[in-house]
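To start, the structure under review is shown below, and the notes come after it.
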Amino acid sequence: MKSSARRALITGITGQDGSYLAELLVAKGYHVHGMVRRSSSVGTQRIDRLCLDSVDGLTLHHGDMGDAGGLARLIREIRPDEVYNLAAQSHVGVSFEQPACTADANAFGVLRILEAIRDVQDAIGDPIRFYQASSSELFGKATEIPQSETTPFHPRSPYAVSKLYAHWITVNYRESYGLHASCGILFNHESPRRGETFVTRKITRAAARISLGLQETLQLGNLDASRDWGYAGDYVEAMWRMLQQDDPDDYVIATGETHTVREFCEHSFGRLGMNYRDFVEVDQRLFRPAEVDALLGSPEKAFRRLGWRPQHSFAELVALMVDADLELARKELADGTGRRAGDSPL
Ligand code: NAP
Ligand code: GDD
């Protein structure tokens with residue numbers, strides 16, 4: 001029995017983007033179904049508030065991108081109107097250490113979901129719209145500046161190669177079977193909910209902790225890499241807008257501005273009255289076997305067709321993250337829970 005609320009399935013709901021997207025969809029009146037993988041400790045912190053607030057608007061299910069049968073059963077039982085596939089081993093650096101499991105979740109996982117959608121759609125007749133989390137990492141050793149939907153791909157990591165398969169298999173299922181399947185080619189987007197081993201959060205967390213004496217130094221790799229950094233809360237709106245279009249398509253989502261890791265350090269430490277040069281140490285072990293030197297997106301198509309615009313500037317993003325991490329560090333100090341030299345070695 002279908003209820004009147006639109007139903008969305010989000011894989012990766014416990015991640016940064018999944019948590020913002022779930023909040024957006026619940027606020028729009030969707031019933032959100034979130035897929036959570038089993039872990040020895042509970043990893044639902046980012047959606048805890050939502051679980052408490054929206055008892056009727058959110059249902060969680062166990063599932064894993066490696067489990068084809070489980071994914072198919074989930075889609076058969078939920079019969080979602082929209083599926084947002086955000087689940088992935090999303091760390092580029094880690095993908096060099098775990099290439100096979102990255103490929104299995106990020107590439108074949110997408111194929112498993114597409115097959116399940118195709119089968120359920122054929123059986124029940126109701127269309128299921130699909131969003132795939134593609135990435136600016138696809139451009140890698142980019143041949144054009146800025147990068148748009150027509151820029152050739154040149155992936156530079158096992159992560160990027162896995163996302164290349166996922167991107168093309170999504171396009172292929174759209175062209176072969178008429179699925180309403182869209183890929184968002186999202187450039188880096190950050191927030192206070194960003195995982196602590198991505199460079200922005202690693203910097204803001206360390207700057208805040210150093211300012212309170214909870215940490216002494218910060219080890220980083222390549223300070224000269226540059227990225228087009230936006231705010232995650234803005235980017236999930238673009239995902240939703242893609243699935244509201246009559247026709248599926250692929251869109252670059254970016255700010256159109258690029259900054260180096262060094263600039264991110266300058267702004268973050270500067271906000272707390274410090275000079276990053278006094279605390280940041282370069283550690284060669286944090287360099288990657290192959291680097292993506294610079295990314296800069298052209299979001300013109302999304303501006304025109306989706307009416308989407310980023311709402312936060314680079315300076316606002318840094319401020320938002322530093323302030324949130326300062327609050328967290330103050331709490332650690334008060335609780336006595338600050339880890340000694342808490343910087344992760346990763
Ligand atoms: P994230 O914070 O790392 O979240 C990843 C999510 O995937 C988590 O919920 C994680 O579960 C889940 N997951 C990982 N492996 C899984 C598996 N085998 N089965 C089921 N779930 C699994 O990533 P994010 O920043 O939110 O990014 C969301 C998506 O967008 C990812 O696909 C990422 O590759 C892509 N993307 C991100 C960016 C960006 O800048 N953030 C840019 C472009 C594309 P746990 O909580 O249990 O780990
Ligand atoms: N993580 C990390 N840690 N990166 C560092 C460090 C460090 O200590 N020092 C320098 N960097 C550099 C990396 O070499 C890279 O050039 C840049 O900082 C950004 O690294 P990450 O924050 O790990 O992000 P990413 O750009 O590799 O990947 C993120 O964005 C992609 C979109 O372009 C992830 O969210 C991917 O999932 C996403 O697809």
Side-chain angles (χ1 to χ4, degrees), residues 10-21 34-39 41-47 62-67 70-71 84-95 101-102 104-106 108-110 112-113 131-140 147 155-157 159-160 162-163 166-167 183-191 193-203 206 218-232 235-236 239 253-254 260-262 264-265 280-283 285-288 290-295 297 343-346:
I10 303 176
T11 71
I13 194 168
T14 55
Q16 171 188 254
D17 291 6
S19 66
Y20 284 111
L21 180 65
M35 189 179 92
V36 178
R37 61 177 167 166
R38 196 267 161 185
S39 161
S41 55
V42 179
T44 54
Q45 297 83 344
R46 291 184 180 105
I47 53 168
H62 278 118
D64 194 289
M65 296 302 286
D67 182 359
L71 288 168
Y84 295 85
N85 182 41
L86 308 185
Q89 190 302 91
S90 74
H91 200 287
V92 173
V94 170
S95 78
C101 92
T102 300
D104 191 64
N106 299 9
F108 290 120
V110 181
R112 293 175 187 119
I113 294 193
Y131 173 85
Q132 169 56 21
S134 284
S135 163
S136 52
E137 278 289 302
L138 296 176
F139 299 121
Q147 295 88 49
R156 295 271 282 170
S157 63
Y159 168 82
S162 72
K163 285 284 182 179
H167 182 89
C183 299
I185 307 173
L186 270 55
F187 282 61
N188 299 49
H189 44 281
E190 320 293 313
S191 74
R193 298 185 198 169
R194 186 55 143 155
E196 291 183 24
T197 61
F198 296 94
V199 79
T200 55
R201 185 77 200 290
K202 192 170 164 183
I203 294 167
L218 168 63
Q219 278 71 42
L220 291 176
N222 182 7
L223 300 182
D224 296 318
S226 74
R227 291 289 182 274
D228 180 329
W229 277 300
Y231 172 58
Y235 283 37
V236 297
M239 299 175 187
I253 301 298
T260 60
V261 172
R262 190 185 303 281
F264 203 98
C265 289
V280 171
E281 296 169 355
V282 171
D283 184 337
R285 288 171 300 179
L286 294 167
F287 282 67
R288 293 169 182 177
E291 176 64 290
V292 172
D293 294 320
L295 290 173
D343 186 25
S344 161
L346 296 169

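None of the values given here were measured: they were computed from a predicted structure. For ligands, and for the atoms within them, numbers begin at 1 and follow the listed sequence. Hydrogens, waters and symmetry mates play no part in the numbers below; they use all other heavy atoms, side chains included.
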Counting from 1, what ligand 1 atoms have a heavy atom of [X] closer than 4.0 Å?
{"X": "Ser90", "value": "1 (P), 3 (O), 23 (O), 33 (C), 34 (O)"}
{"X": "Ala133", "value": "29 (C), 30 (O), 32 (O), 35 (C)"}
{"X": "Ala88", "value": "5 (C), 7 (O), 13 (N), 14 (C), 15 (N), 31 (C), 32 (O), 34 (O)"}
{"X": "Ala87", "value": "7 (O), 21 (N), 22 (C)"}
{"X": "Ser134", "value": "43 (C), 44 (C)"}
{"X": "Gly15", "value": "2 (O), 4 (O), 8 (C), 9 (O), 26 (O)"}
{"X": "Asn188", "value": "40 (O)"}

Taking N or O atoms only and a 3.5 Å limit, does [X] qualify as a polar contact for ligand 2?
{"X": "Leu186", "answer": "no"}
{"X": "Trp229", "answer": "no"}
{"X": "Val199", "answer": "yes"}

Proximity winner for atom 18 (N) of ligand 1, if only heavy atoms of Leu86, Thr200, Asp64 are counted: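 Heavy atom nearest to atom 18 (N) of ligand 1 belongs to Asp64.
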Nearest non-hydrogen contact with atom 38 (C) of ligand 1 belongs to which option: His189, Glu190, Gln16, Lys163?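 Ranked by closest heavy atom to atom 38 (C) of ligand 1, first place is His189.
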Output the list of atoms in ligand 2 that are nearer than 4.0 Å to some heavy atom of Ser136, sorted by atom number.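 Reading through ligand 2 atom by atom, the close ones are 32 (C), 33 (O).
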To the nearest 0.5 Å, how far apart are CG in Leu295 and CZ in Phe187?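 The distance works out to 5.5 Å.
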Residues in side-chain hydrogen bond (donor to acceptor under 3.5 Å, both in side chains) contact with Asp283, at least two apart in sequence or another chain: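 Result, side-chain hydrogen bond (donor to acceptor under 3.5 Å, both in side chains) vs Asp283: Arg285.
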Inspect the contact between Glu190 and Lys202 and indicate whether a charged nitrogen and a carboxylate oxygen are less than 4.0 angstrom apart.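 Salt bridge flag = no for Glu190 with Lys202.
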So does Asp104 pair up with Arg112, basic N to acidic O under 4.0 Å?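 Answer for the salt bridge query: yes.
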Please work out, at 4.0 Å between heavy atoms, whether the side chain, the backbone, both, or neither of Glu137 comes within that distance of ligand 1.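 Glu137 to ligand 1: no contact under 4.0 Å from either part.
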Yes or no: does Ala232 have any heavy atom under 4.0 Å from an atom of ligand 1?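 Under 4.0 Å: no for Ala232.
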Below 4.0 Å from any atom of ligand 1, is there a heavy atom belonging to His91?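 Contact absent.
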May I ask you to decide if the ring planes of Tyr231 and Tyr20 are parallel, tilted or perpendicular, using 30° and 60° as cut-offs?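 Perpendicular, since the angle between the ring planes exceeds 60°.
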For a quick test of reading the model, state the closest non-hydrogen atom pair linking Ala166 to Val110 and the distance between them.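 The pair with the smallest heavy-atom distance is CB-CG2, 3.6 Å.
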Passes side-chain contact (heavy atoms from CB on, under 4.5 Å), Thr14 versus Ser39? Steps please. CA-CA 12 Å; Thr14 55; Ser39 161; over 6 Å; no
What do you reckon, does Arg201 put a non-hydrogen atom under 4.0 Å from ligand 2?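 Outside the 4.0 Å threshold, so no.
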